[in-house]
Amino acid sequence: MKIAKFQLENFRNHSHTVIACTDCANVFLGNNGAGKTNIVEGLAYLCVTKSFYAVNDLTALKVGESSFRISGELISDSGNEFSVQISYDGEAGEKRYLLNGKTTQKLSSIIGKFPIVILSPEYSGITFGSPTDRRKFLDFIISQASARYLEDVLEYRRILRQRNRILLDGKSSNGSVTHLLEPWSEGLIEYGSRVVQRRAEFVRDFEPYLSRAYEAIAGEFEKPNSKYLSAVASERLSDADGLRMEYRRLLEESKHEERRVGATLVGPHRDDLLFTLDRMELRRFGSQGQHRTFLIAMKIAEFEFLRALCGETPILILDDVFSELDGQRSGKLIETVSSMGQYFITTTDDRVFPQEFFTEAGNKHVVVKSGSIIREQAAA
Amino acid sequence: MAYTAESIEQLAEQFAQLPGIGRKTAHRLALFVLKMSREEVDRFAHALVNVKEKVRYCSVCSNITEHDPCSICSNPKRDRVMICVVQEPHDVIAIERTNDFKGLFHVLGGALSPLDGVGPEDLRIKELLQRASQSEIEEIILALNPNVEGEATTLYLSKLLKPLGVKVTRIARGLPVGSDLEYADQATLSRALEGRVAV
């Protein structure tokens, strides 16, 4: 997948910005607050209908405006052209996605069509932060690779919210809620066990990609590993019936506790991912540098994984990653991504690039200031 | 927002309450009403009031009707051993259009959804159980929406209906007829694969 060009209208601090892209490196340079990240955030909107920063779409509106629009032209690896547009109307709170001029009924059906991999300080939570960050990471990759998974996750979340409401309402009353919970528990087990199974399979399949990427970034010193932690997941992953039985048993077991707490306590929404380096838990024992290297390796692995599974080269975004890396690792990262198709980089300092970088064919240098492009230069 | 007359604003306000009507459309409709003749407006207003005055719920199946019991429940040609359970009156219309179902209906009035405050007591479930325990009933067909709320309601009802000794079935999920396989969305296609039948 490649982006030929795209434009932002009333998006963040951009009134009207048009970006013509090259096939290799597109580097956006500017001071803090200039609007570099907003440009790549717009790309995320085009590819997956949402931002990797904003919690809600309203915050992405330019101050004083009532709607924003992002449009672009994408070209698949096989040469098919797509014209896409996403617009958000702040007053109606409505988001609209047009694919080749036709309105898309379900926004979720777009996810996976235009695979994208984003590396941003925003994602440091994957190795540092809470299980929520890691579950988001899992869901985002697997959703891009499998529409069925995304469907299952969305249904699961809906059932979970319905079921939790019964438990929460039941907390204040003393009556039995068992008969009310039962029909939702069935759905919870059905969808939940599929989500668990798919995630555990993913973590297994992702392993070789992660090892290879880590080796490329850090050298051979350490061996990375990841493990899916779930109360439900059993050793026999392919055994769907066994998984459902175990799920049912655990749900039954937590019956009293969930009444007391007022929330469902078993399922993929409580699972986690454990990362280790040479069998040492990364979250507890990893140095700052190891965390960063691990995250970059994960993202490169994500890129290769999606390319293999979707049969389409993902668009790669490196948002402000060099500020946290030393010169040597920055150089290694640039070298690695140079062979990965089209990519977008935002940075406050272009000295991390080798001198000849911007004279190489296909690389482009764009200077951003106060929501506008003030200079751009592409190598012939 | 007093750009126009106050009555226009009030009418637009009313239109805007209708499902699928936004602010702009509501204004356009209000201005259209202004252009209509007095007779047309009277007929329109009358039709609105009539709906409220004449239409009621069938005491048997809870479908909307002007005569109680409704035309389906009182039709002697309908097959009285089968009841098809649906969520809303418009689902009855959809199934009736097929001309393939000759049995009776039961309109629940929604599906279980704790988030929206809809529990079993808010649906016409007691009435359904009463009807299902009548001796002539042989089969109850559950035709609820194929979403998580519809699924949960289907499970809830089947649990209550099965002990009554009646056959409980649900409508199949799968591909729309006349469509191309390659254009089917993946979730529907996977479910259709799961629900495959021997030929």
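The figures that follow rest on heavy atoms only: side chains count, while hydrogens, waters and symmetry mates do not. Chain letters run A, B, ... following the sequence lines, proteins first, then strands; residues in each count from 1.
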Q: Counting only heavy atoms from other residues, nucleotides and ligands, does the tally under 6.0 Å from CZ of A:R96 exceed 12?
A: no

Q: State whether the number of non-hydrogen atoms from other residues, nucleotides or ligands found under 6.0 Å of B:E6 atom CD is greater than 12.
A: no

Q: Ignoring hydrogens, what is the shortest heavy-atom contact between B:A152 and A:P183? Give both atom names and the distance.
A: O-CB, 3.1 Å

Q: Go through it in stages, so that I can follow the logic: the residues are A:W184 and B:E149, the test is side-chain contact (heavy atoms from CB on, under 4.5 Å), and I'd like the CA-CA distance, side-chain angles, deciding distance and then a yes or no.
A: CA-CA 9 Å; A:W184 299 101; B:E149 288 79 16; 4.0 Å; yes

Q: For chain A, which residues from residues 38-74 of chain B lie under 4.5 Å away (heavy-atom distances)?
A: none

Q: Given the options A:E182, A:R158, A:H179, which has more heavy-atom pairs under 4.5 Å with chain B than any of the others?
A: A:R158

Q: Would you say A:M245 has more than 12 foreign heavy atoms packed within less than 6.0 Å of its CE?
A: no

Q: With a 4.5 Å cut-off on heavy-atom pairs, point out which of A:E186, A:R163, A:R161 contacts chain B the most.
A: A:R161

Q: Please indicate whether A:K136 has more than 12 foreign heavy atoms, meaning atoms of other residues, nucleotides or ligands, lying under 6.0 Å from its NZ.
A: no

Q: Which members of residues 111-136 of chain B, sorted by number, sit under 4.5 angstrom from chain A on a heavy-atom basis?
A: B:L112, B:S113, B:P114, B:L115, B:D116, B:P120

Q: Suppose a student defines contact as a heavy atom less than 4.5 Å from any heavy atom of chain A. Which residues in residues 155-178 of chain B would they list?
A: B:L155, B:Y156, B:K159

Q: Using heavy-atom distances under 4.5 Å, tell me whether A:Y191 contacts chain B through its side chain, its backbone, both, or neither.
A: side chain

Q: Among residues 141-151 of chain A, which residues come closer than 4.5 Å to chain B, judged by heavy atom distances?
A: A:A147, A:R148, A:E151

